[in-house]
Amino acid sequence: MWPMVQKEVRELRRDKRTVAMLVGLPLILLVVFGYAANFDVTEIPTAVYGQGADQVTGQLPDLFVVDTIDPGGDTATAEQALVDGRANVGIVTGDQTTALVDGSSLFTAQTAAAALAQAPGSIDVEILFNPDLQTSWVMVPALIGLIMAFIGTIVTSLGLVRERQAGTIEQLAVMPFRPSDVIVGKIAPYFGLAYLDMVVVTVLGAVLFGVPFQGSVMLFGIGAAVFLLAVLGLGVLISTVSQNQGQAVQAAMFVMLPQILLSGMIFPLESMPWGVRWIGYLLPLTYFVDLSGGIMLRGAGLPALWIPFVVLAVMAVLILGAAILRFRRELAPDTTRSNHKAEDADGIAVA
């Protein structure tokens, strides 16, 4: 039995990816669930409008962080602030003070409604974009991104690894293909499949759960395409650094787990400490969750969502560029070996 134990220990020492999975994953889960798994919202961006804006601002609980005080604003101004994502709560003063709450941010809206009910004075609370605070209305736009990220990262990561295991990677090296041609050829089918899934899930979400689609379909489609390019690039990049499908799946899980937990899909980013929250701002799914919820529920346009669009576009360019460079390096040695083999064969033939 002892020789078998020694054999397994030696194999584990050689398989650094498995050791990293066994040691690193529990640590990641501990940190994430210890700090990030928090539904408590401690800060709510708020805008106050109307002649009594200054007076009402002084009566609000500390939970409401007032970024805008506009005595000349009205209900339409408050609604636009919520649509643009500049505030989660817009309070309009007058004969009757009304608080408009952005229902597309579920936990923030629930916290805000409860706090306003206990605030001094009489404040009517009106929930916009998700009047009944239904969880499905918030989760479906996020699930669309999760499904595309799953196909783009995990399924695509097996693409080039399959070529390597099948022994066809050297054939790709000697063919008249540029690395970018191979990458595009690899991700094109997955892009089409993931995009089709996106359409199906969006339609089913509207039919089965009554999730509204308030914004531009074209804008949503463009945003989904840019997001897909980013996650497909991640999948290809993972495949270029993996020797087999097991390693590819392990690496893909390392990438997917933070996106599920730290993107704001489940736990609100606002409730996370900055020591963990900054990771969420490096993840593509974070920006697609913001983009899809803004378009579908709030009807937001490009002026309100240009930041997630730009960030996703930059991510797509950087990740796909890194994947192409990595694949070019991988093909170069294979090409050299193939040339040496050809030279040896010519030498033998001449002899």
Side-chain angles (χ1 to χ4, degrees), residues 15-17 20-21 24 145 148-195 222-259 263 278-288 308-342:
D15 190 356
K16 296 180 180 179
R17 293 174 184 266
M21 192 79 171
M148 290 193 293
F150 179 85
I151 295 176
T153 303
I154 296 182
V155 178
T156 308
S157 66
L158 303 177
L160 288 177
V161 176
R162 191 179 300 115
E163 297 281 359
R164 184 180 295 108
Q165 288 186 297
T168 57
I169 195 70
E170 290 190 358
Q171 296 179 13
L172 290 175
V174 298
M175 287 182 177
F177 294 138
R178 295 173 298 179
S180 57
D181 295 332
V182 177
I183 297 262
V184 172
K186 284 292 179 184
I187 70 174
Y190 300 111
F191 182 94
L193 177 62
Y195 208 86
I222 295 173
V226 177
F227 170 71
L228 258 180
L229 290 176
V231 295
L232 286 169
L234 275 176
V236 176
L237 187 60
I238 288 171
S239 70
T240 62
V241 298
S242 303
Q243 299 301 317
N244 53 60
Q245 293 186 1
Q247 291 181 358
V249 172
Q250 287 179 347
M253 290 303 298
F254 266 115
V255 173
M256 282 298 300
L257 185 62
Q259 295 209 74
S263 64
W278 68 270
I279 302 175
Y281 293 122
L282 300 177
L283 306 174
L285 187 57
T286 300
Y287 299 96
F288 185 79
F309 267 99
V310 170
V311 173
L312 285 175
V314 171
M315 285 183 173
V317 171
L318 293 178
I319 295 172
L320 283 172
I324 292 172
L325 289 175
R326 175 72 190 182
F327 189 60
R328 181 181 290 121
R329 292 179 184 176
E330 184 178 3
L331 289 185
D334 294 328
T335 306
T336 302
R337 285 195 299 268
S338 300
N339 291 337
H340 287 328
K341 290 178 182 179

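Treat the numbers as computed from the prediction; the structure is a model and nothing was measured.
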**Message:** Can you tell me which residue among Val314, Leu312, Val311 is in a side-chain contact (heavy atoms from CB on, under 4.5 Å) with Val226?
**Reply:** Leu312
**Asked** Looking at Leu232, Ile238, Val236, which hits side-chain contact (heavy atoms from CB on, under 4.5 Å) with Thr153?
**Response** Ile238
**Complete:** Residues at least two apart in sequence or cross-chain that pass side-chain contact (heavy atoms from CB on, under 4.5 Å) with Leu158, listed by chain then number, are Arg162, Gln245, Ala248, Val249
**Request:** Could you pull out all residues at least two apart from Ala224 that satisfy side-chain contact (heavy atoms from CB on, under 4.5 Å)?
**Result:**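 side-chain contact (heavy atoms from CB on, under 4.5 Å) list for Ala224, sorted by chain: Met148, Tyr195, Met198, Phe288.
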Evaluate the side-chain proximity of [Y] to [X]: yes if any heavy-atom separation is below 4.5 Å, no if none is.
X      : Y      : result
Thr156 : Phe191 : no
Phe150 : Val231 : no
Leu229 : Met315 : no
Tyr287 : Phe309 : no

[X] and [Y]: which non-hydrogen atoms are nearest, and at how many Å?
X      : Y      : answer
Ala323 : Gly233 : CB-O, 4.1 Å
Pro258 : Val255 : CD-O, 3.4 Å
Met256 : Ala149 : SD-O, 3.7 Å
Leu228 : Ala194 : CD2-CB, 3.4 Å
Ile154 : Met253 : CD1-SD, 3.9 Å
Thr286 : Ser263 : OG1-CA, 3.2 Å

**Any donor-acceptor pair under 3.5 Å from Ser242 side chain to Ser239 backbone** = no
**Prompt:** If you measure from CG on Leu320 to CG on Leu234, what distance do you get to the nearest 0.5 Å?
**Reply:** 9.0 Å
**Message:** To the closest 0.5 Å, what do you measure between OG1 (Thr240) and CD1 (Ile324)?
**Reply:**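 Interatomic distance, Thr240 OG1 to Ile324 CD1, rounded to 0.5 Å: 11.0 Å.
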